[in-house]
Amino acid sequence: MSSTSRSKRAAEDAGGRPEKKSVAPRTDHHAGERYPLDANGIELILGGLANAVSLVTPRQGLNVYDTPVKYLAVTSGVLFGYYGILTFADIYCFKAPLRGSAAGRRLTVARRVRKVATMSAGTLAAALVIAVVFVLFGAPVATQQAETLMAAINVSLLAVTPAILTLRPTAAAWRRALLSVEPQKSVPEKWASALFWCSVAPAWAAAYFVPMDWGRPWQRWPIPIVGGAFLGNLVGLLYVAVRCFVIPVARADFLESEGARRRMAREAGGSHSRDSADLEAAKKEE
């Protein structure tokens, strides 16, 4: 008998079956190249709190009905502060490892400052585009320019800023995240897509209430659009929390428990077969 056969026979006698070589888990290098850092979910909680604070009326002299420009300036300030703090702290969707040297820390701080500046410039540019869209679709031109601009800034912060912070600055990345329906999107792409469409679609739908002749105070421009964007953004946060965090964690727990159950069943079956073989061998010897 050859040495290979003897080794195989010894492995079968020791464990009931031949040993198998361990296979390293396969990693998605393509996804790692696109988004090499792991997602961080703290922005889910803080994002909901920022939206809730933005919707609260602090006092009688500051509300969306009597002082809409001032109120929308407060809400945009709350949202911008939320995005700015999380971006500078590098915990918005991605957490970058800190470098140990002083020069590395200086570079890290400079990079974070550039990220905040890029986010601010992109948000303001998107707000100008949204304001032009508002005017093209019937927003007042001769009056209420401040209301239109502040509404555009709020919608830009809710819908576009998350995409600016999570997607690469290329047309292909934005088209894949916002316009494609591919099921294998990454967490940043799902995040950006959900917050964009959950903010834009309700704002668009709520605009139909503005020209109605119901005479309600909440129909005044631009209250329906901003309210729809805020409520839709909260729905988007809930969707992302469930779709990107709760469901994957539950699926991983299920697969882990199922794998443990199958391993126990295989081990029990192997021990039973070994006991049966020993019993048969004992009977033959008798």
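Only a predicted model underlies this, so the values are computations on that prediction, with no experimental measurement involved. Positions are given from 1 along the sequence. Atoms considered below: every heavy atom in the structure, side chains included; atoms not considered: hydrogens, waters and symmetry mates.
- Under a hydrophobic clustering in which Ile, Leu, Val, Met, Phe, Trp and Tyr are joined whenever their side-chain heavy atoms come within less than 4.5 Å, directly or via other members, L136 and I225 fall into different clusters.
- Using a 4.5 Å heavy-atom threshold, the side chains of V210 and Q219 count as separate.
- Note: the hydrophobic cluster containing V141 does not contain L128 (ILVMFWY, side chain heavy atoms under 4.5 Å, direct or indirect links).
- Relative orientation of the F209 and W218 rings is perpendicular, given thresholds of 30° and 60° on the angle between their planes.
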Notebook entry, point to check: side-chain contact (heavy atoms from CB on, under 4.5 Å) between I153 and L149: does it pass, once the steps are laid out?
Noted result: CA-CA 6 Å; I153 292 175; L149 181 60; 4.3 Å; yes
Next item on the list: Give the C-alpha distance, both sets of side-chain angles, the deciding distance and a yes or no for side chain to side chain donor-acceptor pair (under 3.5 Å) between T123 and T161.
Entry: CA-CA 6 Å; T123 300; T161 304; 2.8 Å; yes
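- If you look at W204 and F137, their ring centroids are closer than 6.0 Å.
- Side-chain contact annotation: T148 with W221, donor-acceptor N/O pair under 3.5 Å present.
- In this structure, F230 and P202 have side chains that are not in contact, with every pair of non-hydrogen atoms separated by 4.5 Å or more.
- Under a hydrophobic clustering in which Ile, Leu, Val, Met, Phe, Trp and Tyr are joined whenever their side-chain heavy atoms come within less than 4.5 Å, directly or via other members, V69 and L158 fall into the same cluster.
- The local environment of CH2 in W174 is crowded, with over 12 non-hydrogen atoms from other residues, nucleotides or ligands closer than 6.0 Å.
- Grouping the Ile, Leu, Val, Met, Phe, Trp and Tyr side chains by contacts below 4.5 angstrom, directly or via other members, places V235 apart from L238.
- Connection of Y71 to Y65 is established within a shared hydrophobic cluster, with ILVMFWY side chains joined at heavy-atom distances below 4.5 Å, either directly or through further cluster members.
- Put simply, the side chain of M150 reaches to within 4.5 Å of the side chain of S76, judged on heavy atoms.
- Note: W197 and Y239 fail the aromatic proximity criterion, with ring centroids not under 6.0 Å apart.
- In this structure a side-chain-to-backbone donor-acceptor pair under 3.5 Å is present from S199 to L195.
- Closest non-hydrogen pair, P222 versus E147, comes out as CG-O, 3.7 Å.
- For the pair Y82/L157, no side-chain contact is recorded, criterion being any heavy-atom separation below 4.5 Å from C-beta on.
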